[in-house]
Amino acid sequence: MKRPVLGLVLGGVLGAFDGLSGLLTAPEVAPQIGGIVGGSVFKGIVVGALVGWVSRRVKTVGGILLWGGAIGLFFAALVSLLQKLSGQPAYYWQIMLPGTILGMIVGFATFRHRENNSSVAA
């Protein structure tokens, strides 16, 4: 499996948990949890694909943790900013911290993954 594809899948799965973490950190968002989880899955897929692509070019674990965290933080901050601009209360820490952690986990997993190029039979 290619690293961007692994990142995409892992990002989507972790995105669901990222969205569900809203119930723990801000229980008042329970009525909107479906939209929150859906948005977090989409954000996780985008972050995962980008981090997987970057992990093909980064040579150190520390580097991919930094890049993965930065990409996750960027997209989580973007969501927080859009939330604030739409007049809703901004949950900066509740959105940006799990988003950063998601990017770092996906970065580590995709960095450690060896791409299997055995599509050509020997």
Side-chain angles (χ1 to χ4, degrees):
M1 180 182 296
K2 300 287 185 188
R3 288 180 183 183
V5 175
L6 175 65
L8 187 137
V9 171
L10 188 58
V13 170
L14 291 177
F17 289 108
D18 177 8
L20 288 172
S21 72
L23 291 174
L24 299 174
T25 59
E28 65 272 11
V29 301
Q32 298 96 11
I33 198 65
I36 292 170
V37 171
S40 294
V41 168
F42 179 74
K43 180 182 68 170
I45 287 171
V46 171
V47 168
L50 288 172
V51 171
W53 181 75
V54 169
S55 73
R56 299 173 89 181
R57 286 139 182 90
V58 175
K59 303 295 183 206
T60 64
V61 173
I64 195 59
L65 290 176
L66 181 67
W67 274 105
I71 293 170
L73 178 64
F74 172 77
F75 280 96
L78 187 62
V79 169
S80 295
L81 179 64
L82 291 173
Q83 187 178 33
K84 182 69 172 175
L85 291 175
S86 69
Q88 299 174 4
Y91 295 100
Y92 293 112
W93 286 107
Q94 293 91 336
I95 294 173
M96 291 177 15
L97 185 61
T100 303
I101 293 170
L102 181 147
M104 294 173 78
I105 292 171
V106 171
F108 181 77
T110 56
F111 181 82
R112 297 289 302 201
H113 178 71
R114 301 249 189 255
E115 290 186 354
N116 191 0
N117 292 331
S118 61
S119 61
V120 178

Let me have the donor-acceptor pairs involving side chains of residues 39-48, under 3.5 Å, with sequence neighbours excluded, atom names and distances please.
unit_1	atom_1	unit_2	atom_2	d
Ser40	OG	Ile36	O	3.0
Lys43	NZ	Asp18	OD2	3.2

Verify the neighbour count for atom CZ of Arg112: are there more than 12 heavy atoms of other residues, nucleotides or ligands below 6.0 Å?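 Not more than 12 within 6.0 Å, no.
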Quick one: does Arg57's side chain have a donor or acceptor within less than 3.5 Å of a partner on Trp53's backbone?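 Yes; at least one donor-acceptor contact below 3.5 Å.
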Has the side chain of His113 got a donor or acceptor atom that lies under 3.5 Å from a matching backbone atom of Phe108?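 No, the answer is negative, given that no donor and acceptor are paired below the 3.5 Å cut-off.
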Cluster question for you: counting only ILVMFWY and a side-chain heavy-atom cut-off of under 4.5 Å, with indirect links fine, are [X] and [Y] together?
X	Y	answer
Leu10	Val58	yes
Phe74	Leu50	yes
Leu65	Phe75	yes

Please give me the minimum heavy-atom distance between Ile64 and Val51, naming the atom from each residue.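 Heavy-atom minimum between the residues: CD1-O, 4.1 Å.
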Mind checking whether Val61 and Phe111 have side chains closer than 4.5 Å, heavy atoms only?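 Answer yes - side chains close enough.
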Going by heavy atoms in the side chains, are Val37 and Leu20 under 4.5 Å from each other?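 Touching, per the 4.5 Å side-chain cut-off.
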Pairwise distance CG(Leu81) to CD(Gln83) - rounded to 0.5 angstrom: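 That separation rounds to 10.0 Å.
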Roughly how far, to the nearest 0.5 Å, is the CG atom of Leu8 from the CZ atom of Arg3?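 That separation rounds to 16.0 Å.
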For residues 87-106, dump all side-chain donor-acceptor pairs below 3.5 Å to protein atoms at least two apart in sequence or in another chain.
unit_1	atom_1	unit_2	atom_2	d
Tyr91	OH	Glu28	OE2	3.0
Thr100	OG1	Met96	O	2.8

